[in-house]
There are 2 protein chains.
Amino acid sequence: MGESFPMTGGDGPCSYTKNSSRQRASAASAKSLLTSAILGNLDIERSSRMFAIADLGCSTGPNTFIAMENIIEALTQKCKIEGYSSLPEFQVYFNDHVSNDFNTLFAYLPPDRKYFASGVPGSFHGRLFPKATLNIIYSAFSLQWLSKAPQELGDVNSPAWNKGRIYYTDAPREVGQAYSLQYAKDMDSFLAARAEELAPGGLMLILMPGRPDGTLPSQNSLGPFIRPLESCLADMVDEVCKSRNVNNLEYIYIYIYIYIYIYIYIYIYIVTVEPLQEIICDHEIDSLNMPLYSPSIEELRKLIEKNGCFGIARLETLPPMSVPLPSAEE
Amino acid sequence: MGESFPMTGGDGPCSYTKNSSRQRASAASAKSLLTSAILGNLDIERSSRMFAIADLGCSTGPNTFIAMENIIEALTQKCKIEGYSSLPEFQVYFNDHVSNDFNTLFAYLPPDRKYFASGVPGSFHGRLFPKATLNIIYSAFSLQWLSKAPQELGDVNSPAWNKGRIYYTDAPREVGQAYSLQYAKDMDSFLAARAEELAPGGLMLILMPGRPDGTLPSQNSLGPFIRPLESCLADMVDEVCKSRNVNNLEYIYIYIYIYIYIYIYIYIYIVTVEPLQEIICDHEIDSLNMPLYSPSIEELRKLIEKNGCFGIARLETLPPMSVPLPSAEE
């Protein structure tokens with residue numbers, strides 16, 4: 001059973017809506033790739049009166065609205081180039097976890113949109129749509145999320161026990177392997193589900209974090225950004241333990257801003273972790289592991305080829321963007 | 001521009017989720033009609049791999065889930081009778097206003113459902129879906145809601161000025177006519193939009209409040225249920241005016257339980273009206289009018305025939321259900 005890691009809802013200062021400009025910038029830098037993929041690789045049936053697009057892991061906007069607008073712009077261009085007498089109608093499906101804040105997403109739908117909008121709740125690691133009903137599947141900054149953190153990371157008897165860490169940077173090889181294996185399983189489920197849902201001639205466009213080819217999972221470059229977070233959590237737990245008043249504590253929800261630098265591009269996420277009291281009471285600090293993974297290009301290529309449902313039209317890296325490391329005060 | 005009147009969201013004691021058992025009972029009494037309509041009037045193409053159903057005005061559940069289950073049960077029965085080797089997949093679209101609480105709706109989706117679920121935000125008085133993409137359109141206890149209360153009801157210079165009333169029971173003929181005209185416009189928009197969206201051979205199933213044939217709109221039988229509400233509002237306004245401290249008042253949101261008895265069946269709604277302070281400050285108590293209308297069978301038949309987009313397969317009344325009038329204490 002997968003777990004649910006939705007972005008922070010609403011439109012407050014800690015919301016995804018107000019903290020996703022980096023993802024927006026990265027997606028903007030991929031716009032020309034997206035357009036050329038649609039113009040060059042998509043097969044539109046001339047008899048189609050309707051064209052269906054899904055954004056998997058859309059969160060609450062506004063990035064998803066910009067992406068859908070870009071896709072529809074490219075589709076319109078393609079229809080004009082191919083001499084269509086009239087445009088088909090566009091149906092856009094916005095997908096995210098059941099616990100995603102769809103109310104906020106719907107409230108921010110662009111009033112001048114050129115498509116019919118629909119929200120689809122559920123995990124993209126399983127089926128979400130009837131067979132062969134989608135023409136374009138888009139997913140940006142979502143496929144790094146695993147369906148769950150590998151269980152063995154919290155098992156003291158496992159060689160993959162991830163003691164004192166919340167991620168796999170510089171961890172023993174077994175920890176990185178556990179993450180890699182979970183990612184392989186999740187991608188296999190994802191690809192199998194999408195293969196059923198994509199109509200013949202359709203296209204899947206994926207934008208996701210990665211790491212340089214030839215590196216081990218544990219050698220990912222997220223360390224400088226995850227370590228301060230690990231230290232903060234460890235310090236907070238120490239403080240709470242010293243107070244010896246654990247049972248009277250209010251639940252503490254920690255909003256974590258994770259600044260992650262990776263070779264391929266840079267992004268920011270906000271997640272809400274488990275209530276700290278629960279973690280402390282159950283002595284489970286070592287079982288808190290970020291359910292995120294960034295594959296290498298080669299690793300991803302092998303997974304897609306092994307799955308066998310899709311052919312790869314193009315697989316490449318975007319130029320890195322720079323982002324400052326958060327200071328101690330931040 | 002239409003207005004939005006969503007049911008109260010969440011799952012608290014005042015929510016639609018917890019206050020819609022009457023609608024559920026009425027819909028249950030119509031189940032056999034629904035089944036026979038699907039078995040007798042629906043045309044399913046043998047080549048269809050997918051079957052799309054929309055519930056327009058679904059609110060937050062659970063009634064909509066029961067209705068969708070009933071429809072899928074009838075469709076399954078039909079496929080078996082007609083000797084299908086395998087069932088098509090089912091796609092259910094849950095529609096309501098943008099401000100409907102879709103988060104609650106999605107949270108309560110039955111985990112063992114036999115369909116792909118999707119939420120569609122927007123008013124059913126306009127287009128919501130691409131052309132010819134729905135096989136069954138269902139709507140229960142929703143089409144009595146107008147897109148807005150007729151504007152002339154709040155105009156002191158209009159013969160339809162609805163002074164001292166919040167509804168049209170026992171009002172001058174012009175008030176009832178204004179409601180009737182608004183309903184005719186709204187139904188025309190509704191039918192025109194649905195005619196585009198329904199696939200050939202499709203079916204529209206509507207369950208809605210009505211009044212006996214041969215009565216004027218103003219002679220509807222809602223009076224005994226609306227009058228106590230009108231009196232309460234008038235008393236509250238008097239109290240507030242006496243206090244002469246209007247500007248320091250907190251906003252008062254009035255949750256109104258409306259027990260409405262109609263000849264055809266009985267239903268309960270909860271609505272949130274405008275903040276009382278605004279009403280008082282703007283001296284607009286007379287412009288508060290419930291945007292609800294219940295047509296006669298004959299009136300509805302004429303509207304559908306005049307619109308010309310649909311043929312009527314069956315149009316009939318359900319036996320009335322009894323509900324006690326709320327006492328003064330309630």
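Proteins come first, then strands; the chains are lettered A, B, ... in the order of their sequence lines, and each starts at number 1.
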- Query: Just wondering, more than 12 heavy atoms not from B:E69 lying within 6.0 Å of its CD?
  - Reply: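 Counting neighbours around CD of B:E69, 12 or fewer heavy atoms of other residues, nucleotides or ligands fall under 6.0 Å, so no.
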
- Message: Report which part of A:L109 has an atom under 4.5 Å of a heavy atom belonging to chain B: side chain, backbone, both, or neither.
- Response: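 Side chain only.
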
- Message: Between B:N103 (side chain only) and A:D101 (backbone N and O only), is there a donor and an acceptor less than 3.5 Å apart?
- Response: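 Not confirmed, B:N103 side chain does not pair with A:D101 backbone.
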
- Message: At under 4.5 Å between heavy atoms, what parts of residues 117-135 of chain A are in contact with chain B? List them by residue number.
- Response: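 Those residues of residues 117-135 of chain A which have a heavy atom under 4.5 Å from chain B are A:A117, A:S118, A:G119, A:V120, A:P121, A:R127, A:L128, A:F129, A:P130, A:K131, A:A132, A:T133.
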
- Task: Could you label the plane-to-plane angle of the A:Y93 and B:Y93 rings as parallel, tilted or perpendicular, counting under 30° as parallel and over 60° as perpendicular?
- Result: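 Parallel: the ring planes of A:Y93 and B:Y93 meet at under 30°.
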
